[in-house]
Structures are given as C-alpha cells and as structure tokens.
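The structure appears right after this line, and notes come after that.
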Amino acid sequence: MILDVVQVSKDLFAASFVINRGNVQVGDFSLKGSLGSMEANITGKLFEHSFEMRFGKSDIIEMAHPFRPYIIDKNGVQNGIVYQTKFNGGLFKKFDYHQMKKAGITYDLFPIGLGTDGSKSPIYQDNTQIAQIEKDCVVYNDLHTYKIFAQDEFSGEIAVLFAIYMYINAGYKPGKKDITSTVKVVTKTTNKLLLEKYNSDFTKYIEA
C-alpha cells in the first residue's frame, strides 16, 4: 500500500491535509492550535474510521518523561499514544526516535536523514519493518508532503499517525504563515545504529 499525505492549506494556527491512495482519497485530517502553544488538536478520518490526536499524558507510557506525548482516539475511544523517546546504549550509541503504543502493541519509528534524498523513516513492530515514511528535503510554501509505503491497511494507519506526529514535531509552526517560500533542509544521519534500521529494498516489494 502506497499513500500520499498531502498538506493542502496552512493558516496561522491551523492546517489541513488529504490522504490519497493513487487517485482515490482515503482520508483527511486537520489541525487546530492556539496562541501561546506549540501543540494542536487533530481530527480526521482514514479508511472510513474517525480519529483524534491531542497533547496529553497517559498511564500506558512506562517512562517518566516522554517528550510531547499525543493521545490517540479511534472512533471516539482512546486506544493509543505516540511520543518521542531516546535510546541510550552508552557512549556513541544514543539517538532519539518516535514510539507509539496502540491496542497493546509497540511501534518504533526511526528518523533517518539521507542528505539531498530527503528523509526515510522506517517503522518497526519488534524487529520487523512494517512501513516507511519518506519526505523530500525541499518544502514549498510551507506545505508538507509525506509518502508512505506500508505492508497493509493497518500498517498504513500506523504510518499516517506517525506522519501527523512528525508534522507536529517539525513542520507545524503556529503563528507563522508563509505565502511564498522555498525551504531546503538537508540532514545526513551518521549514527550507525540508526542507519542499520534502514532497508533500501523495503519499498521495492510494496504494491500500490
């Protein structure tokens, strides 16, 4: 399954996206924030199911201080949370990554920068890759696009929620509105542990 998460509008404290599978729209979502806060509330639908995301704490996180946790509701029922955390394996073995706990299962997203090729963020369940989010290094008019490669519809749902969280963390700029701009951000990951998570062949076996 290949999905495109495409931002179609941006205002001072709001943004909206559509989610396409080929030429078919399979979902959409919008963000709404407020003055004086970096956070936003997200509402949307995907594959005929509604979902919401909002900043907040949850007792299903076992760590003491997760960074920017967002609670996830599906069809009006809380069933997950996503946040940023840190792997600490000792000297030169540290990196930040995103983690999601949903319906009793833990998923990990590893952000990997590949220079002018943009970012490739593989998503794992245990030791098995289930999806990947790709993003170009150039953003026009502050409108962001994410391409998702997923094994199936459920993996696609997990990846969409991770993409929204990626936007909240890096793309959402409340109080700022760009009418015409071109921004190029080139990042190159050198951490060997992170690079080991990237499988360049994964997308070759994903069908649209």
Side-chain angles (χ1 to χ4, degrees), residues 1-5 17 19 21 26-29 31 39-89 93-112 119-135 146-170 191 193-199 201-203 205-207:
M1 172 178 288
I2 301 175
L3 302 173
D4 292 296
V5 180
F17 290 74
I19 306 165
R21 184 179 185 184
V26 296
D28 59 63
F29 62 91
L31 297 85
E39 313 303 340
N41 292 327
I42 302 100
T43 58
K45 61 180 183 294
L46 177 63
F47 304 134
E48 300 182 352
H49 295 281
S50 65
F51 68 87
E52 296 183 13
M53 296 175 66
R54 63 189 181 279
F55 178 75
K57 298 180 179 180
S58 173
D59 56 8
I60 68 174
I61 304 180
E62 297 174 356
M63 65 189 63
H65 300 290
F67 180 70
R68 295 188 82 173
Y70 268 72
I71 295 170
I72 301 167
D73 293 348
K74 183 175 182 180
N75 295 328
V77 178
Q78 182 178 330
N79 78 332
I81 193 164
V82 59
Y83 50 91
Q84 184 172 308
T85 186
K86 184 184 294 290
F87 175 81
N88 189 349
K93 294 183 179 181
K94 300 178 182 180
F95 58 81
D96 294 330
Y97 66 104
H98 298 164
Q99 191 168 79
M100 183 186 303
K101 294 182 182 295
K102 194 171 188 294
I105 301 174
T106 299
Y107 305 92
D108 299 315
L109 176 144
F110 301 99
I112 298 172
S119 66
K120 318 282 186 179
S121 300
I123 298 170
Y124 281 79
Q125 179 185 340
D126 296 323
N127 295 318
T128 301
Q129 185 174 355
I130 63 169
Q132 183 164 293
I133 303 174
E134 300 190 353
K135 192 175 190 301
Y146 305 82
K147 181 172 284 291
I148 288 171
F149 298 85
Q151 289 184 333
D152 49 33
E153 186 174 296
F154 182 80
S155 301
E157 176 187 335
I158 297 299
V160 166
L161 295 172
F162 266 127
I164 296 171
Y165 187 69
M166 290 171 66
Y167 176 74
I168 284 289
N169 265 328
N191 187 297
L193 290 179
L194 267 180
L195 291 173
E196 288 175 358
K197 301 294 185 180
Y198 175 59
N199 175 12
D201 291 329
F202 177 80
T203 60
Y205 303 101
I206 301 297
E207 297 181 356

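The shown structure was predicted, so the numbers you read here are calculated from the model rather than taken from an experiment.
- With Asn191 contributing its side chain and Phe95 its backbone, the two residues share no donor-acceptor pair below 3.5 Å.
- For the salt bridge (charged side-chain N to carboxylate O under 4.0 Å, His left out) test, no residue two or more places apart in sequence or in another chain qualifies with Lys135.
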Just do the side chain to side chain donor-acceptor pair (under 3.5 Å) check on Gln99 and Tyr107 with the steps written out, would you? CA-CA 6 Å; Gln99 191 168 79; Tyr107 305 92; over 6 Å; no
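- Met100 is not listed as a side-chain neighbour of Thr106, based on a closest heavy-atom distance of 4.5 Å or more.
- In this structure, Asp152 CG and Glu207 CD are separated by 12.5 Å, a value rounded to the nearest 0.5 Å.
- Counting heavy atoms from C-beta on, the side chains of Lys45 and Asp28 come closer than 4.5 Å.
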Intermediate values then yes/no, side chain to side chain contact (heavy atoms under 4.5 Å, CB included), Ile168 and Tyr70: CA-CA 10 Å; Ile168 284 289; Tyr70 268 72; 3.8 Å; yes
Worked verdict on Lys86 versus Phe67 for side chain to side chain contact (heavy atoms under 4.5 Å, CB included): CA-CA 9 Å; Lys86 184 184 294 290; Phe67 180 70; over 6 Å; no
Going through the checks in order, is the side chain to side chain contact (heavy atoms under 4.5 Å, CB included) test met by Gln132 and Tyr198? CA-CA 9 Å; Gln132 183 164 293; Tyr198 175 59; 3.9 Å; yes
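- Nearest approach of Pro69 to Ile81, heavy atoms of both residues: CB-CD1, 3.9 Å.
- Side-chain N or O atoms of Asn75 include one that pairs as donor or acceptor with a backbone N or O of Ser50 at under 3.5 Å.
- The residues Lys120 and Glu134 are annotated as salt-bridged, a charged nitrogen and a carboxylate oxygen being separated by less than 4.0 angstrom.
- Between Ile2 and Arg21 there is no side-chain heavy-atom pair separated by less than 4.5 Å.
- How far CD1 of Ile148 is from CD1 of Ile19: 7.5 Å, rounded to the nearest 0.5 Å.
- Residues Ile164 and Met53 are in side-chain contact: their nearest non-hydrogen atoms beyond the backbone lie under 4.5 Å apart.
- Once rounded to the nearest 0.5 Å, the distance linking CD1 of Ile133 with CD1 of Ile158 reads 10.5 Å.
- For Ala131 against Ser155, the heavy-atom pair with the smallest separation is CB-O, 4.2 Å.
- Nearest heavy atoms, Tyr97 versus Leu109: CB-O, 3.3 Å.
- A 4.5 Å side-chain heavy-atom check between Leu161 and Val82 finds every atom pair outside the cut-off.
- Under a 3.5 Å cut-off, the side chain of Asp73 and the backbone N or O of Gly76 do not form any donor-acceptor pair.
- Interatomic distance, Lys147 NZ to Thr203 OG1, rounded to the nearest 0.5 Å: 10.5 Å.
- For the atom pair CG (Leu195) and CZ (Phe110), the distance works out to 12.5 Å, reported to the nearest 0.5 Å.
- In this structure, the side chains of His98 and Asp108 stay at 4.5 Å or more apart for every pair of heavy atoms.
- Taking the side chain as every heavy atom from C-beta outward, Asn169 and Met166 never approach each other to under 4.5 Å.
- The two atoms that bring Ser121 and Pro111 nearest to each other are OG-CA, 3.6 Å, heavy atoms only.
- Side-chain atoms of Tyr165 come within 3.5 Å of backbone N or O of Arg68 as a donor-acceptor pair.
- Rounded to the nearest 0.5 Å, atoms CD1 (Ile42) and CD1 (Ile72) are 9.5 Å apart.
- The pair Lys74-Glu157 meets the salt-bridge criterion, with a side-chain N (NZ, NE, NH1 or NH2) lying under 4.0 Å from an Asp/Glu carboxylate O.
- Phe51 and Phe29 have tilted rings, their planes meeting at an angle from 30° to 60° on a 0 to 90° scale.
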Stepwise side chain to side chain contact (heavy atoms under 4.5 Å, CB included) check, Ile105 with Gln125: CA-CA 8 Å; Ile105 301 174; Gln125 179 185 340; 3.7 Å; yes
For a side chain to side chain donor-acceptor pair (under 3.5 Å) check, start with the C-alpha distance between Gln151 and Tyr205, then their side-chain angles and the critical distance, and finish with the verdict. CA-CA 9 Å; Gln151 289 184 333; Tyr205 303 101; over 6 Å; no
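- Less than 6.0 angstrom separates the ring centroid of Tyr167 from the ring centroid of Phe17.
- Remark: the backbone N or O of Asp201 is paired with a side-chain donor or acceptor of Asn199 at under 3.5 angstrom.
- For the pair Lys197 and Tyr124, the distance from NZ or CZ to the six-membered ring centre is under 6.0 Å and the angle to the ring normal is within 45 degrees.
- Contact check for Asp4 versus Tyr146: no side-chain heavy atoms found under the 4.5 Å cut-off.
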